[in-house]
Amino acid sequence: MLDALLRPRSVAVVGASRTPDTIGYQILDNLVRHGFTGAVYPVNPSAASVHSIRAYASVEDIPDPVDLAVVVVPKQHVQAVAEACGRKGVGAMVVISAGFREIGGAGVERERELVATVRKHGMRLVGPNCMGVMNTEPGVSMNATFAPTMPPAGPVAFLSQSGAMGVTILDYASEYGIGISQFVSVGNKPDVSGNDLVQGWADDERTGVILMYLENFGNPRRFTQLAREITRRKPIVAVKSGRTGAGARAASSHTGALAGTDAATDALLRQCGVLRAETVEEMFDLAMAFSHQPIPRGNRVAIVTNAGGPGIIIADACEAHGLEVVELTEATRAHLAAHFPEEASLRNPVDMIASANPQSYRVAVEAVLADPGVDAVIATFVPPLGVRQEDVAEAIVDVAAGQREKPVLAVLMGRQGLPQGLAELNAAGIPGYRFPESAVRALAAMHRQRRWLERPVGRVRTFPVDRGAVSAILESARAAGREKLSETEVMRVLEAYGIPVAPYAVARTADEAEAAAAAIGWPVVLKVLSPRIVHKSDVGGVVVGVEDAAGARAAFARLTTEVPERAGIGAGEVEGVLVQKMVSGGRETIVGMHSDPQFGPLLMFGLGGIYVEALGDVVFRVTPVSDVDAHEMVRSIRGAALLAGVRGEAPADLAAVEEVIQRIGQLVDDHDAIRELDVNPWLAFAEGGVAVDGRISVRPAS
Ligand code: ADP
Ligand code: MG
């Protein structure tokens, strides 16, 4: 589909320049120097030739067909170039020029016009405001970027939303010998999107791992769908910048206070199996590992070293990342003992001490690879005098090449600069790192990928619900201009979606409160009902453990006199009192939803009650939430052990909680009018559970 862009047979460089050190020169030079297999046509109205190639005044003057036009003219000329390309029948344009949507104002209009022209002529567009595209496929060999370096060919496809980062990254890839299949700097992406590219790379045989440097998601829902499926075939590693800056936070719900765009990004990436890297460096650490090594079957690691320190650092890092530094088998240790001096430590880490030479590495790495209890090997080397790092690298390469089952990663800690041997290792398919942490992080990511592959796909359940009843409640609130549903409306919404709520009644007098309590059964809880009070217990608006008629009357009096005073509202603003069955023995959890402006409904689960913000022990997922997502959510909070039961306590009914999460997921996906929602607490029992409080706010009617 994107052949004109990534496999063109001819490229016009519009704005090709005779002046070195300009982008218009560099792009033409890169195409020629890196052996583009097709024809190249410089377009420059004021030069007869550029870079020794005959130039044309306009794309329309080129006598042959043009698949791709790379445009580097000043922004005000781009539109005319696009029209000429359209008339010429060009297939795709890469617009390097900046000064479009990213500058706002007139730039927005300029981009809109450009896109309209591109669409009108059935062209595809990458950029504007980008640094070009690259495809190392032997039949194409195209470097249509202005990057000064060209990385080797290899299995890594790479998308960069930032042009500047793109240059840095290609540099880095060249230095470390990381092989690239295709590279696209997407720029403002008004046409060709990240999703289009990822989809193409999923089917590209030469691409084994996909890297993304993102600043935002164009269509996160579509990305989730695509990535869920693609990550089962190829790993996707993403760096999403802008981790901080949680954006505007609505204080009216617990979920809103705890959610932020970064939590949403994390949730989204996790749910579709995308490995999130914190930094560009980490992204490449992962890319190196995934490029040529098999992913491990399990998390058991053997470490081979020539010094104690690095061995311990690696072992600690393994532990911190959920990898296990296993006990080697008796047979492995006996084998090693026959080859190493007594001072060597033959437990894991295998420390061959400073006298180790390349041959020692051959023996030790081979031995631990053969150990049936080992899933992966990290070999590390600090250069003592007299041993060449390159020779050790070669030994590791030789041994690792003898098998394709277990990943081998290397850490070469040079004295200065890039240690010798690293590029050689990478070129030979052994990921080589300078620091122990990097290797461990990469291996941990490989293990995560394994777990993802083993994870059941999951399904989004649809429960029988009373959708119409909820629509009616939401619409009547919006018609009345209310943003918040009342306590009783919330209860009815939850009930309509099959979520058990504690029996309740509304009382407007002390007599009614007493009667309601008697009907529900003692003990009860009394709560103030007022649209002006958001967190009832903050103002003493919840009286628990009401045992009898006298207690009910006293509580009623307090809630209707003292509480409004404390809340600073008039007694007339209290609509009455909620009388609710008092439930005991439940563990307090929260299930909530916050609508993220980019990602849509974001579901939250965590330890609930009135301390939820203080604990901050919550996890997020974007909807739709599958049964497997819900299963993972309830088990991935820090306080999961509290739900599983401590000190002989029975475990909380997690299946019931999972069902509530999924039902809430269905509720918020069915009703776009819901802006925020908290069920807090959901009291989880050993069997079942019940909601005793909730909060729903709606979007204003448009
Ligand atoms: P708010 O969140 O507005 O302060 P809640 O209705 O959630 O008010 O009540 C606050 C706390 O009181 C709950 O987190 C829970 O610990 C307790 N509580 C409320 N209702 C009940 C009930 N029906 N049974 C047992 N405990 C309750
Ligand atoms: Mg509450």
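Only this structure's heavy atoms are used, side chains among them; waters, hydrogens and symmetry mates stay out. Counting convention: from 1, in listed order, for ligands and their atoms alike.
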Structural part of K581 in contact with ligand 1, heavy atom criterion under 4.0 angstrom:
backbone
When you measure from the heavy atoms of A502 to every atom of ligand 1, does any distance fall below 4.0 Å?
no
Is D678 reaching over with its side chain to a backbone N or O of R695, donor-acceptor style, under 3.5 angstrom?
no
Location of contacts on Q580 toward ligand 1, heavy atoms closer than 4.0 Å:
side chain
Side chain, backbone, both or neither: which applies to V583 and ligand 1 if a contact is any heavy-atom pair less than 4.0 Å apart?
both
Looking from the Mg ion (ligand 2), what is the angle between OD2 on D693 and O on N680, to the nearest 10°?
90°
Is the contact between E487 and ligand 1 made by the side chain, the backbone, both, or neither, using heavy atoms and a 4.0 Å cut-off?
neither
CA sep, side-chain torsions, deciding dist, call: V525, K527, side-chain contact (heavy atoms from CB on, under 4.5 Å):
CA-CA 7 Å; V525 179; K527 305 181 184 182; 3.9 Å; yes
Are F217 and F599 near enough that their ring centres are under 6.0 Å apart?
yes
Does S537 reach ligand 1 with a nitrogen or oxygen that is under 3.5 Å from one of the ligand's nitrogen or oxygen atoms?
yes
As an exercise, identify every atom of ligand 1 less than 4.0 angstrom from a heavy atom of K527.
5 (P), 6 (O), 19 (C), 20 (N)
Before signing off on this row, confirm whether D538 and ligand 1 have an N or O atom pair separated by under 3.5 Å.
no
